[in-house]
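Since the structure comes first, as structure tokens, the remarks are kept for the end.
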Amino acid sequence: MDYETGSATDAHDMLDKIRTFLVANGWTQNDYVSETYGYRLHLNKGPLYINMFSGIATDPISANTWYSTTYRMSGIAVSPSTGFTASPTGAKAWKNMLGAPVHDPSYFDYADDIFGCAVADMTGAVISYHLVADGDQFIAAMEISTGVYRWIAFGLLDAYGSIGSSPNGFYVSTSSCMGGSSSSGLGYEELRRIFAHMRSSDTSYPNATVRFNNAWAVPGGNPVGDVAQPISAIGYGYTPYQDTSITWGAMHGLLSSMPADIGGLSPLLPAQIGVVYSGNPVPIGHFGLARITHMDGFSVGQSITVGSEDFVVLPCNNADFDYPYAIAIRVTGA
């Protein structure tokens, strides 16, 4: 298990930091190319292939040429695949890899209809970052301005039962997608989600996918079905929305009760992911490097120990009243 902290000058430098960290932790670099609008990076670890692109004031996902800044992103885009080609084609070649997830074109007009999610708002220096790798699992927390974080996570789920051989269980998740603020394409609800995405017909800003039953679960439909979000689709405040019932359990309600009135407890809950299978949301596993909790029980960057495991607690987005959730990254105890 490896844990690294540091800072980066911009999104491009941050991608390079991720590149060198993953290579040092057993991932194979298949390509790292400078292009007109940024850098594309392709790595794999066995059957797990990950593709990334850093951009500043560009759109790494859509083929459209926008006349405003609405969909111009500064950050890092991510997409999985089951293979690599050295000569990708398409309007956004970085994500046009072998076996990449494909959107239902009736929902999306992205270039090549191939899945791509991203972390946004990285318009300047990354004040601090936390990178953790354990086997095939990876997580990155990036402080893009004081107290404001963006996240990338991918790897094999700690599965609940048998879900088939690798790359089944391979997930990719980011904390936000295209856009960058409430005034540029995303509302606060979307920006403040981590390990979540909009489901069914509300699939404008997807940011999670998982391999299940030898196919990709992606927003907008798939032979498997939609990927189901680990944190319910919730917005402001503490009131659980009715739609929490369509996932599995009122995660929002549990988090809203922290810290507990008796004992001030703030449990670390699993960051689950699942699929909509035969019409029902089914959790299929959780992230081994992440736990979900309530920021009010901790200080930003606080180190805690639970049994033989050490964690660092950081905000999902902002450590504020409206959305005070936190991710505890496991940094030791493998």
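Scope of the values below: all heavy atoms of this structure, side chains included, with no hydrogens, waters or symmetry mates.
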Which distance, rounded to the nearest 0.5 Å, do you find between the CG of Asp136 and the CG of Leu156?
-> 4.0 Å
Might you confirm whether atom OH of Tyr129 has over 12 heavy atoms from other residues, nucleotides or ligands at distances under 6.0 Å?
-> yes
Enter the distance from Asn168:CG to Asn214:CG here, rounded to the nearest 0.5 Å.
-> 4.5 Å
Under 3.5 Å, is there a donor-acceptor pair between the side chain of Lys92 and the main chain of Ile114?
-> no
For Ala8, does its backbone N or O pair with a side-chain atom of Asp13 as donor and acceptor, under 3.5 Å?
-> no
Any donor-acceptor pair under 3.5 Å linking the side chain of Arg291 with the backbone of Arg330?
-> no
Only one of Gln29, Met52, His42 passes side-chain contact (heavy atoms from CB on, under 4.5 Å) with Arg19, and that residue is Gln29
Using a 4.5 Å cut-off on heavy atoms from C-beta on, say whether the side chain of Glu309 contacts that of Phe311.
-> yes
Can you find a heavy atom in the side chain of Thr305 that is under 4.5 Å from one in the side chain of Asp310?
-> yes
Distance, nearest 0.5 Å, that separates CG of Leu22 from CG of Asn44 = 11.5 Å
Side chains of Leu41 and Asp31: closer than 4.5 Å at any heavy-atom pair?
-> no
About how many Å separate CG of Leu48 and OH of Tyr171, when rounded to the nearest 0.5 Å?
-> 10.5 Å
Only one of Leu131, Thr9, Val119 clears side-chain contact (heavy atoms from CB on, under 4.5 Å) with Met14; which?
-> Leu131
Ignoring hydrogens and geometry, is there a side-chain-to-backbone donor-acceptor pair from His286 to Pro270 under 3.5 Å?
-> no
Can you check whether Ser303 reaches Val312 side chain to side chain, under 4.5 Å on heavy atoms?
-> yes
Side-chain heavy-atom pair Ser79, Val172 within 4.5 angstrom cut-off | no
Any donor and acceptor pair, going by atom type alone, linking the side chain of Thr209 with main-chain N or O of Ala217 inside 3.5 Å?
-> yes
For Thr293 and Pro267, indicate whether the former's side chain and the latter's backbone hold a donor-acceptor pair under 3.5 Å.
-> yes
To the nearest 0.5 Å, what is the distance between OG (Ser81) and CD1 (Ile50)?
-> 7.5 Å
Taking side chain as C-beta onward, heavy atoms only, is Tyr32 less than 4.5 Å from Asp16?
-> yes
First locate atom CZ of Phe138, then atom CG of Asp2, and finally report the distance between them rounded to the nearest 0.5 Å.
-> 10.5 Å
Lys95 side chain to Pro101 backbone, donor-acceptor under 3.5 Å = no
With a 4.5 Å heavy-atom cut-off, do Glu35 and Phe53 have their side chains touching?
-> yes
Proximity of Trp27 and Phe154 rings by center, below 6.0 Å = yes
